Protein chains: 2
Amino acid sequence: MRPYKHPAASDFVLERLLHALSDPVRLEIVRRLAEVGEASCGELDGGRPKSSVSHHFRVLREAGLVCTQSVGTTHMNSLRRQELDGRFPGLLDAILSQQD
Amino acid sequence: MRPYKHPAASDFVLERLLHALSDPVRLEIVRRLAEVGEASCGELDGGRPKSSVSHHFRVLREAGLVCTQSVGTTHMNSLRRQELDGRFPGLLDAILSQQD
DNA sequence: GCCATAGTTCTAATATTATCGAACTACAGA
DNA sequence: TCTGTAGTTCGATAATATTAGAACTATGGC
């Protein structure tokens with residue numbers, strides 16, 4: 001279906017990743033994805049308008065954090081753990097293991 | 001001299017810290033501080049105007065990353081490693097150990 | 001084909017952030 | 001006290017980001 005741009009791990013940029021995770025909505029999305037493995041956008045919208053949620057998923061995608069693929073009419077999202085750990089070893093775990 | 005606000009470690013906010021480090025200028029400042037231990041603002045200005053540099057240091061201070069204290073006419077800055085490691089174990093190291 | 005569902009994209013409004021000149025404060029030395 | 005140095009604060013402008021409504025696309029089911 002839609003050709004999402006998922007950057008290659010070699011193109012991940014640390015500052016962009018940190019910026020993506022510096023928004024509470026996105027950090028929460030990533031935390032949830034880490035828990036449940038994968039989820040549709042709608043499952044993680046927290047009652048927000050679709051367009052806002054879609055925007056946040058795009059930021060996460062473009063930073064390399066999230067991979068989105070179409071499954072029927074829904075879009076399934078998951079963390080790009082392997083590639084993130086390859087490019088930035090230990091970083092995602094260090095961030096996700098923190099508590100508020 | 002000026003009463004800088006250095007937030008208590010218990011008031012550090014993860015999102016704020018990530019945001020502070022998501023700017024290339026600030027990330028570079030923090031990297032340098034990690035190398036040299038401490039430095040004045042002027043030593044890390046990278047040729048930028050004073051007001052810009054001062055702004056970035058303020059963001060870093062308010063996020064809890066940097067401690068600034070007056071020594072004569074200069075302001076010495078250093079990372080708040082102890083407190084950062086206490087509040088967010090492993091986070092700073094995980095970020096600083098990444099390469100571009 | 002028609003309709004509902006899931007998300008995206010477009011667009012505009014608002015808010016936040018970055019940048020930098022200029023005026024200001026604090027301190028040290030002559 | 002006058003001067004220079006180091007940084008801060010103020011104010012304006014420009015750049016980015018967030019939010020959300022509305023129109024659009026793609027898919028599945030009837």
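As the structure is a prediction and not an experimental result, all values here were calculated from the model.
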Whole-Å distance between [N] [atom2] and [X] [atom1]?
{"X": "B:Glu15", "N": "C:dT17", "atom1": "CD", "atom2": "P", "value": "13 Å"}
{"X": "A:Arg16", "N": "D:dT16", "atom1": "CZ", "atom2": "P", "value": "12 Å"}
{"X": "A:Met76", "N": "D:dT27", "atom1": "CE", "atom2": "P", "value": "17 Å"}
{"X": "B:Leu60", "N": "C:dT17", "atom1": "CG", "atom2": "P", "value": "14 Å"}
{"X": "B:Arg58", "N": "D:dA6", "atom1": "CZ", "atom2": "P", "value": "22 Å"}
{"X": "B:Glu62", "N": "C:dA18", "atom1": "CD", "atom2": "C1'", "value": "15 Å"}
{"X": "B:Ile29", "N": "D:dG7", "atom1": "CD1", "atom2": "C1'", "value": "13 Å"}
{"X": "B:Gln69", "N": "C:dA26", "atom1": "CD", "atom2": "P", "value": "19 Å"}

- Message: Does A:His55 reach a base, just sugar-phosphate, or nothing at all? Heavy atoms under 4.0 Å.
- Response: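 A:His55: base contact, heavy atoms under 4.0 Å.
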
- Any donor-acceptor N/O pair, B:Gln98 side chain to B:Ile95 backbone, under 3.5 Å: no

[X] side-chain proximity, nearest of [options]:
{"X": "A:Lys50", "options": "C:dC20, C:dA18, C:dT8", "answer": "C:dT8"}
{"X": "B:His19", "options": "C:dT17, C:dG21, D:dA20", "answer": "C:dT17"}
{"X": "B:Ser40", "options": "D:dG7, D:dT9, C:dT8", "answer": "D:dG7"}
{"X": "B:His75", "options": "D:dG7, D:dT9, C:dG7", "answer": "D:dG7"}
{"X": "B:Arg48", "options": "C:dC10, C:dC20, D:dT18", "answer": "C:dC20"}

- Provide the closest heavy-atom pair for A:Ser40 versus A:Asn77 in the form atom of the first, atom of the second, distance. C-ND2, 3.7 Å

- Item | Donor-acceptor pair present, A:Thr73 side chain and D:dG28 base, under 3.5 Å | no

- Kindly indicate whether the side chain of B:Thr74 and the base of D:dA6 share any N or O donor-acceptor pair separated by less than 3.5 Å?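 Flag unset: no donor-acceptor pair detected.
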
Answer yes or no: does a side-chain N or O of [X] lie under 4.0 Å from OP1 or OP2 of [N]?
{"X": "A:Arg26", "N": "D:dT18", "result": "yes"}
{"X": "B:Tyr4", "N": "D:dT8", "result": "yes"}
{"X": "A:Arg61", "N": "C:dT8", "result": "yes"}
{"X": "B:Ser54", "N": "D:dT8", "result": "yes"}
{"X": "B:His56", "N": "C:dA18", "result": "no"}
{"X": "B:Ser52", "N": "C:dC20", "result": "yes"}

- Query: Is atom CZ of B:Arg31 surrounded by more than 12 heavy atoms (other residues, nucleotides or ligands) closer than 6.0 Å?
  - Reply: yes

- Item | A:Met76 vs A:Thr68, side chain to side chain contact (heavy atoms under 4.5 Å, CB included): CA-CA, chis, key distance, verdict | CA-CA 5 Å; A:Met76 273 322 219; A:Thr68 306; over 6 Å; no

- side chain to side chain contact (heavy atoms under 4.5 Å, CB included) partner of B:Leu84, the single match among B:Leu91, B:Asp93, B:Leu17, B:Val66: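 Only one option passes, and that is B:Leu17.
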
- List the steps and the verdict of side chain to side chain contact (heavy atoms under 4.5 Å, CB included) for A:Leu65 and A:Arg80. CA-CA 6 Å; A:Leu65 279 157; A:Arg80 296 178 66 180; over 6 Å; no

- Let me know, please, whether B:Phe57 or A:Asp23 comes out on the 5' side of the other along DNA chain D by nearest nucleotide.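 Comparing both residues, the 5'-ward one is B:Phe57.
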
